[in-house]
Amino acid sequence: MSWPAKLARALVEGGVEAAAWVPDKRLAPVAAGLPDLRTLTREEECVGWAAGYRAAGGMPLVLMQSSGLGNALNAIGSLVVPYGLGFPLIVSIRGGLGERNPAQMPLGRATHGLLAQLGVEAFSLRRGQDAALVARGALAVAEGARVLAPIVLEPELDL
């Protein structure tokens, strides 16, 4: 089984009921294995939708590129973090090893630091064999501690 399939399966088996994303080629294989997938146009919309879903008692998932994290920071910092609306967030890092698009570099490099500044710990996925383990851990953090639990898909995951 591929790492995207393992990741999606572990998230669904762990309680993810619905997901939102802004479509992305690297995230598409993960999204294919998710239930009730919503396609939205901006990352902050995904975070707002997920916050509402979580406040209503469900377990959502959001998928985005690291460049989209910049768009979503205000929604995370002013809604998700202060109100304890924990859910898993998959962030696909762009701008690292092998990147050919210079526009992706700044936010790719800043992702971990930006999340840390909001008091959010990111969980890196670097090896496909760890996909289910990281998914289960992130879900436990989101559910138990009620904090945002980003799973960061590092560039070397695809090498």
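- Counting heavy atoms from C-beta outward, Val91 and Leu153 have side chains that stay 4.5 Å or more apart.
- You'll find the side chain of Leu115 reaches within 4.5 Å of the side chain of Leu69, heavy atoms only.
- With a 4.5 Å cut-off on side-chain heavy atoms, Val22 and Leu63 do not count as touching.
- For the side chain to side chain donor-acceptor pair (under 3.5 Å) condition, the pairs that include at least one residue of residues 27-40, sequence neighbours left out, are Trp21-Thr39, Asp36-Arg38.
- In this structure, a donor-acceptor pair under 3.5 Å is absent between the side chains of Gln65 and Ser92.
- By the salt bridge (Lys or Arg N to Asp or Glu O under 4.0 Å) test, Asp130 is found to be paired with Arg127, residues two or more places apart in sequence or in another chain being considered.
- Side-chain contact between Ile90 and Val152 is absent, with no heavy atoms from C-beta onward closer than 4.5 Å.
- Rounded to the nearest 0.5 angstrom, Met1 CE and Lys6 NZ are separated by 7.5 Å.
- Scanning all heavy atoms of the two residues, the minimum distance from Val12 to Pro35 falls at CG2-CD, 3.4 Å.
- Ala50 and Pro60 get closest at one heavy-atom pair: O-CG, 3.4 Å.
- Of the possible donor and acceptor atoms, none in the side chain of Arg109 sits under 3.5 Å from a partner among the backbone N and O of Gln104.
- Of all heavy-atom pairs spanning Pro88 and Met59, the tightest one is CD-SD, 3.6 Å.
- In this structure, Ile76 and Val81 have side chains that are in contact, with non-hydrogen atoms separated by less than 4.5 Å.
- The CD1 atom of Ile93 lies 9.5 Å from the CD atom of Glu156; values are rounded to the nearest 0.5 Å.
- Criterion: ILVMFWY side-chain heavy atoms under 4.5 Å apart, direct or through other members. Under it, Phe123 and Val16 are part of a common hydrophobic cluster.
- The shortest distance between side-chain heavy atoms of Pro155 and Arg126 does not fall below 4.5 Å.
- What you find for Leu139 and Ala10 is that their closest heavy atoms are CD1-O, 3.9 Å.
- Listed by first and then second residue, the salt bridge (charged side-chain N to carboxylate O under 4.0 Å, His left out) pairs involving residues 70-99 are Arg94-Glu99 (not counting sequence neighbours).
- The hydrophobic cluster containing Trp49, built from Ile/Leu/Val/Met/Phe/Trp/Tyr side-chain heavy atoms closer than 4.5 Å, also comprises Leu40, Tyr53.
- A salt bridge links Glu143 with Arg54: at least one charged nitrogen is closer than 4.0 Å to a carboxylate oxygen.
- Side-chain contact check for Leu107 versus Leu114: some heavy-atom pair is nearer than 4.5 Å.
- Residues Val30 and Ala8 come closest through the heavy atom pair O-CB, 3.5 Å.
- Residues Val47 and Leu148 form no side-chain contact, since every pair of their non-hydrogen atoms from C-beta on lies 4.5 Å or further apart.
- Listed by first and then second residue, the side chain to side chain donor-acceptor pair (under 3.5 Å) pairs involving residues 70-85 are Glu43-Asn71 (not counting sequence neighbours).
- Leu133 and Leu7 end up in different hydrophobic clusters when Ile, Leu, Val, Met, Phe, Trp and Tyr side chains are linked at under 4.5 Å.
- Under the side-chain hydrogen bond (donor to acceptor under 3.5 Å, both in side chains) criterion, Arg9 pairs with Glu13, not counting sequence neighbours.
- For Glu154 and His112, the side-chain atoms include at least one donor-acceptor pair closer than 3.5 Å.
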Working for side chain to side chain contact (heavy atoms under 4.5 Å, CB included), residues Phe87 and Val62
CA-CA 8 Å; Phe87 55 86; Val62 172; 3.8 Å; yes

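- For the pair Gly128 and Leu157, the tightest heavy-atom approach, listed with the atom from each and the gap, is N-CD1, 3.3 Å.
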